[in-house]
Undergrad: 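My questions all concern the structure below.
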Amino acid sequence: MSRFHEVRFLTSAAAAGQFPPDAGAEVAFAGRSNAGKSSAINAITQRRGLARTSKTPGRTRLLNFFELAPAKRLVDLPGYGYASVPAAARRTWLPLIDALRERASLIGLFLIVDARRGLTPGDAGLLEWIGPHHRVHVLLSKADKLSRAQGAAALRKASQQLAGRATAQLFSAVKGTGVAEAGETLAGWLGT
Ligand code: GDP
């Protein structure tokens, strides 16, 4: 049973003026495109297809807000990492995520990283972008693609690289590995 009982899609924002009121608490989910972010959101909220909204053509460069409980939100950030993202798109979404970072209700970031690939320069850039004042939790996704030993090595390496800046765990939306742990961390942050 989901610990988030009232999950619902709130809104897609193309500009800061379209964000929901800056009250309560929210956690951003970010990751390189194809890292498994939508699958992670669906697994943690136990709403199959919830994050599909964020994949609807036209919404992929928007910020998508979901309400997990009254005044407790998850914000799905656009995937990043493809050099081919047009400069024009960067010009629109950079100010958008900058505005998100300034919100008092933003308390932390879940960073989705493909466990096989490990942290990329794009991930490092995102950590730099969020700065030192927000909690960060890294989900090493698709852990089912690794052996137990490989998974342990991936977690060790990521933890070393993060050097205390963020917590990290293995995660698999397919096998369910770490889904409960991720949900507990998220609920703990949000106070739900
Ligand atoms: P997003 O672009 O970061 O939102 O990534 P998606 O959630 O859409 O997943 C990208 C691809 O990875 C899809 O083909 C998924 O089926 C696959 N995927 C996502 N999570 C897992 C997982 O836990 N295990 C495996 N094996 N594949 C996964």
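Both ligands and their constituent atoms are indexed starting at 1 by order of listing.
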Undergrad: Is it true that the side chains of Ser105 and Arg73 contain a donor and an acceptor less than 3.5 Å apart?
TA: yes

Undergrad: Examine the proximity of ligand 1 to Lys175 and report which part, side chain or backbone, both or neither, has a heavy atom under 4.0 Å away.
TA: neither

Undergrad: Run the side-chain donor-acceptor check on residues 182-192: report pairs under 3.5 Å with partners two or more places apart or on a different chain.
TA:
unit_1	atom_1	unit_2	atom_2	d
Thr185	OG1	Glu181	O	3.1

Undergrad: May I ask you to check whether Phe171 has an N/O atom sitting below 3.5 Å from an N/O atom of ligand 1?
TA: no

Undergrad: As an exercise, identify every atom of ligand 1 less than 4.0 angstrom from a heavy atom of Ser38.
TA: 1 (P), 4 (O), 7 (O)

Undergrad: Is Ser33 in polar range of ligand 1, meaning some N or O pair under 3.5 Å apart?
TA: no

Undergrad: What do you reckon, does Ala173 have a nitrogen or oxygen under 3.5 Å from a nitrogen or oxygen of ligand 1?
TA: yes

Undergrad: Counting from 1, what ligand 1 atoms have a heavy atom of Ser39 closer than 4.0 Å?
TA: 6 (P), 7 (O), 9 (O), 19 (C), 20 (N)

Undergrad: Assess whether atom CZ of Arg135 is packed by more than 12 heavy atoms of other residues, nucleotides or ligands within 6.0 Å.
TA: yes

Undergrad: Output the distance between atom CZ (Phe171) and atom CD1 (Ile112), rounded to the nearest 0.5 Å.
TA: 7.0 Å

Undergrad: Quick one: which of Asn42, Val179, Val174, Asp114 has a heavy atom closest to atom 25 (C) of ligand 1?
TA: Val174

Undergrad: What's the shortest heavy-atom distance between Ala13 and Leu96, and which atoms?
TA: O-CD2, 3.5 Å

Undergrad: Regarding Asp76 and Lys37, does a basic nitrogen lie under 4.0 Å from an acidic carboxylate oxygen?
TA: yes

Undergrad: Can you tell me if Glu128 has over 12 outside heavy atoms packed within less than 6.0 Å of its CD?
TA: no

Undergrad: Quick one: which ligand 1 atoms are inside 4.0 Å of a heavy atom on Lys37?
TA: 1 (P), 3 (O), 4 (O), 5 (O), 7 (O)

Undergrad: Would you mind telling me if ligand 1 is within reach of the side chain of Asp144, the backbone, both or neither, using heavy atoms under 4.0 Å?
TA: side chain

Undergrad: Can you tell me if Asn42 and Ser39 form a side-chain donor-acceptor pair at under 3.5 Å?
TA: no

Undergrad: As a check for students: among Gly36, Ala143, Ser172, identify the option with a heavy atom nearest to atom 6 (P) of ligand 1.
TA: Gly36

Undergrad: What are the atoms of ligand 1, with element, lying closer than 4.0 Å to any heavy atom of Ala35?
TA: 3 (O)

